[in-house]
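Remarks on the structure that follows.
Chain identifiers are assigned alphabetically (A, B, ...) following the order of the sequence lines, protein sequences preceding nucleic acid strands; residue numbering begins at 1 within each chain.
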Amino acid sequence: MYSLADLNPVQREAVEHRAGPLLILAGAGSGKTRVLTYRIAHLIARGVAPWNILAITFTNKAAKEMRQRVETLLGSAGAGLWVSTFHSACVRILRREIDHLPGYARSFVIYDAGDQLSVLKSCLKELDLDEKKFPARGILAQISDWKNRLCPVEDAEGKAAEYFEKMAAKAYRLYQKKLMANNALDFDDIIMLAVELFRQNPTVLDYYRDRFRYILVDEYQDTNHAQYTLVNLLAARYRNLCVVGDDDQAVYGWRGADVQNILAFERDYPETMVLKLEQNYRSTKHILQAANAVVGHNQDRKAKSLWTENQSGDLLIHYVAEDERDEARYVAERIQRLKDREGRPNKDFAVLYRSNAQSRILEEYLLREGIPYRVFSGMKFYERMEIKDILAYLRVLHNPADRVSFSRILNVPKRGLGESVLAKVLLYAEEQGLDMLAALREAEYIPGVRPQARRALLSLSRLLEELREQSPEGEITDLVEEILDKTGYWAMLKADNTPEAQARVENLQEFLSVTAEYDAKIAEERDERTTGEIDERAAGEIDERAAGEGNPPAPTSAGISSSGAENGLSSETGDTPTLGGRGLPVPEVGDTTMAGSEGRPAPGVEGTSSDGSEDRLSSSEGNMAPSGGQGLPAPEVEDTFSAGVGGFLEQVALVADIDQLNEGDDGVVLMTMHSAKGLEFPVVFLVGMEEGIFPSSHSLLAETALEEERRLCYVALTRAKEKIYLCYAGQRLLYGRIQNNLPSRFFSEVPPDLMLDRDPIDPPPQRQGRTSGAPRGGGFGGSTGGGRKKYRDYGSLASEGTPLTTGKSETYHVGDKVEHEKFGRGIIVSVKGEGASAILTVVFDGQLKQLISEYAKLTRF
DNA sequence: TGCCCTAGGATTTTT
DNA sequence: TCCTAGGGCA
């Protein structure tokens, strides 16, 4: 049960908006997930069939959360709803429509970045392109860019002007050819192929257009051209497209996301309704003011300003560290102190940085303080070598055309089969038109292979055949254990007594628990089916028929309990639609990661209800038209092996983040600002606030890139609910080199009166005068961050001889906040020289000024 | 074939 | 600094 009274007026308008395009500009923390979920619930309550709704997110996490929240609101009434990521939805569609995709078989696998790289490298080798001039990553980025812009090989070749592009286009052609030969898609293909499928098969498009009459897209500002096209193709008929996003949070431009998609939505849909969610429920006033001020420096944005009814809260705290160690030390010490003082759990804290390389030192100091933490670094669980090895076995068994995976396993564990044998096998397979398993079977006929290698090949062949034959239906865990056992993988690791091998064993054990979980889920679904209960697909059908028999999903008095709803929603309001629970189980609402055994309905089934869905919507709440009721579609025939393994592989490929943030874990979170998008934490530390780090040196030359960095800063700031610390290190050891960086310009874009340079939880400084150190000015001497109490350190330093004041003129330090009669308030970012003649660099509201201490007429504030 | 060493490169990365 | 890919050698 849900109540519209839980919503503010704008939110409510967004939820109640019925038909037609809707653009929701949702600022950070403005409750957009709530709006989306309520909107879905409301549509269903008003008679829209759940299977006519498609909700798209970017991350699995977001999809899962939305699914759960809808389920909480609706219970089983949501069965048949699709809530999924772009990629899951498209893969699901591609598998269903595989017959329309010449060149691909249903068992296609999805290649991740590593797989892509190895395919591309083989292309470069084949084309005899020098990897120095044509770095694989660069080419791959170019190819990805083409795909995101829906530019097929032919167009790329046609348009390529420069030499690099021409070569890249050549590589692109070969790369695509190889992917197809391997029966593999990369991530970008998934979207591009779906668009192609729709464009070339009007009947297929027709079917999905008709099915997805209500489309909701989250994070619309992050869509790339391909995704944009996909959505707009699907929405073209009914135009019930609701997009939610925030141009200020567009931080994936470098990956092909085009913020214009959201900015030009009103052009695409002139009849659109635009709503702005500007009330923030997350952060304090001070944090929001700072975030607004920073992002306000961007030129290219839709005007808006977040506000909140929350308290003003603490001021932002600004810390000038000597170097990265001092910064890390400060962070760890602050966290410990806040834990002690305020009894906060570890998970209240997040330390956000621009690049993963910054995490190491932070870990070191957290470890030293004994503070539990979790790092969300670049290395994903499924990218680990041992996991990829086992997955490669599964992939070859599932899709024997997969040469990349075959190449990976051929000599792992060691079988004495090296590069040269691999090349011969691949060549033989190619010439004979065989897949890898078939080629292995014929190892005797592969020319130029020595007897020893031949025996090894045949033995591998037998092993794989055995695994394939005896693998029980759907039991991935057994299969994986067999693989680990029979290939000697376990033995290999156990023979190796290094800690790394130990870690690998542990990772594989973790992997086995993932497979076990998957098996259990599948078994559960199977049981439900055999006991006459229903899966997602069937649920829609049954619902539809039930509705036709006068069992309307529309308002009834029997509400579904709102027990799980946030904020203790009350539903006593008069106009609150409630939903009748019919007790139909929902295994996973719209979970696209189920085993590939789902049936495809005859298009006619749902098609029959297509006559006048709008009518149904507007005129017949609770009186839905009966469907054709042709009974449940038969599941597609697919051999059990593929069904089980394929489903699992797909899940792994598309949901590659079991390291995900678990609510239960109590640890300080370390992650990049990008990864933090969509999350919130009571206390946030932003570290490495330096020119060249953040904004990153790569962005300093281009204004658009800088604006994206600024948006990232906005995202980072708005993660904080209560407290935020901004840290700057005057000196930083990065990549083995010491850098001296100026403070980030974003510092100076925060109004100075919102920032403190001393944490109020600390005792006041001993003396009047300055507390902040002056790293660049060299005031720190030899104290390298060993001390726990920062300010005492400063005190002792001062007494060691660094003068705090001179007779004539004050001595300034980096981080001092000063006021100039003309320029206003600012922060000192560098001090050269001493005393009256010191040259001060001061940032005033975005402007950098150099002043001589003696004449500057600065006052402190 | 397999191991060891060195040189070079190193944002961000929802899928 | 630290990782990894590739070259050279046993």
Please write out each protein N/O paired with an N/O of nucleotides 7-10 of chain C under 3.5 Å, distance rounded to 0.1 Å.
none

Item to check | Polar side chain donor-acceptor pair, A:Glu219 to A:Gln221, under 3.5 angstrom | outcome: yes
Next on the checklist: Using the ring-ring contact (aromatic ring centres under 6.0 Å, His included) criterion, which residues pair with A:Tyr353? Sequence neighbours excluded.
Outcome noted: none
Checklist outcome for this item: Rounded to whole Å, CD1 of A:Ile361 lies from P of C:dC2 at a distance of 10 Å
Next on the checklist: Can you identify which nucleotide, out of B:dT15, B:dT13, C:dT1, has its nearest atom closest to the A:Leu733 side chain?
Outcome noted: C:dT1
Checklist entry - According to the salt bridge (Lys or Arg N to Asp or Glu O under 4.0 Å) rule, which pairs have a member within residues 690-719 of chain A, sequence neighbours left out? => result A:Arg354-A:Glu709, A:Glu690-A:Arg732, A:Glu691-A:Arg745, A:Glu708-A:Arg711, A:Arg710-A:Glu749
Item to check | All side chain to side chain donor-acceptor pair (under 3.5 Å) counterparts of A:Tyr111, not counting sequence neighbours | outcome: A:Asn182, A:Asp402
Item to check | Among B:dT13, B:dT14, C:dG6, the one nearest A:Glu131 by side-chain distance | outcome: C:dG6
Item to check | Partners passing side-chain contact (heavy atoms from CB on, under 4.5 Å) against A:Ala705 (at least two apart in sequence or in another chain) | outcome: A:Ser699, A:Ala702
Next on the checklist: Please pick, from B:dT15, B:dT12, C:dC2, the nucleotide with the shortest atom-to-atom distance to any side-chain atom of A:Arg360.
Outcome noted: C:dC2
Checklist entry - Does the pair A:Phe108 and A:Ile98 meet the rule for a side chain to side chain contact (heavy atoms under 4.5 Å, CB included), with working shown? => result CA-CA 10 Å; A:Phe108 68 77; A:Ile98 196 74; 3.8 Å; yes
Next on the checklist: I'd like to check the side-chain contact (heavy atoms from CB on, under 4.5 Å) partners of A:Leu733; sequence neighbours left out, ordered by chain and number.
Outcome noted: A:Glu324, A:Ile738
Item to check | Under-4.0 Å side-chain N/O to phosphate OP1/OP2 contact, A:Ser675 with B:dT13 | outcome: yes
Can you check nucleotides 1-3 of chain B for protein contacts, nitrogen or oxygen pairs under 3.5 Å, and list what you find?
{"unit_1": "B:dT1", "atom_1": "OP1", "unit_2": "A:Gly418", "atom_2": "N", "d": "3.0"}
{"unit_1": "B:dT1", "atom_1": "OP1", "unit_2": "A:Ser420", "atom_2": "OG", "d": "3.0"}
{"unit_1": "B:dT1", "atom_1": "OP2", "unit_2": "A:Ser420", "atom_2": "OG", "d": "2.8"}
{"unit_1": "B:dG2", "atom_1": "OP2", "unit_2": "A:Asn411", "atom_2": "ND2", "d": "2.9"}

Item to check | Length of the CE-C1' vector between A:Met673 and B:dT12, whole Å | outcome: 10 Å
Next on the checklist: Using the ring-ring contact (aromatic ring centres under 6.0 Å, His included) criterion, which residues pair with A:Phe406? Sequence neighbours excluded.
Outcome noted: none
Next on the checklist: Run the side chain to side chain donor-acceptor pair (under 3.5 Å) test against A:Ser144 and tell me which residues pass, sequence neighbours left out.
Outcome noted: A:Asp188
Next on the checklist: Please evaluate residues A:Leu726 and A:Phe746 with respect to the criterion side chain to side chain contact (heavy atoms under 4.5 Å, CB included), reporting the C-alpha separation (whole Å), side-chain torsions for both, the decisive distance (0.1 Å), and the verdict.
Outcome noted: CA-CA 10 Å; A:Leu726 307 172; A:Phe746 303 141; over 6 Å; no
Enumerate the protein-to-nucleotides 8-11 of chain B contacts in which both atoms are nitrogen or oxygen and the separation is below 3.5 Å.
{"unit_1": "B:dT11", "atom_1": "OP1", "unit_2": "A:Tyr735", "atom_2": "OH", "d": "3.1"}

Item to check | Donor + acceptor pair across side chains of A:Asn741, A:Gln739 (<3.5 Å) | outcome: yes
Next on the checklist: Is it true that A:Lys147 and A:Gln176 share a donor-acceptor pair across their side chains at a distance under 3.5 Å?
Outcome noted: yes
Checklist entry - Think A:Thr57 has a side-chain N or O under 4.0 angstrom from the OP1 or OP2 of B:dT14? => result no
Checklist entry - Under the side-chain contact (heavy atoms from CB on, under 4.5 Å) test, which residues partner A:Ala171, sequence neighbours left out? => result A:Leu120, A:Leu124, A:Leu127, A:Ile139
Checklist entry - Regarding A:Asp389 and A:Tyr489, is there a side-chain donor-to-acceptor distance under 3.5 Å anywhere? => result yes
Next on the checklist: Just to be sure I understand the rule, does A:Glu383 reach a base, reach only the sugar-phosphate, or reach nothing, if contact means heavy atoms closer than 4.0 Å?
Outcome noted: nothing
Checklist entry - Can you list, by residue number, the residues of residues 113-122 of chain A that have a non-hydrogen atom closer than 4.0 angstrom to DNA chain B? => result none
Checklist entry - Just checking A:Phe86: base, sugar-phosphate only, or nothing, at a heavy-atom cut-off of under 4.0 Å? => result nothing
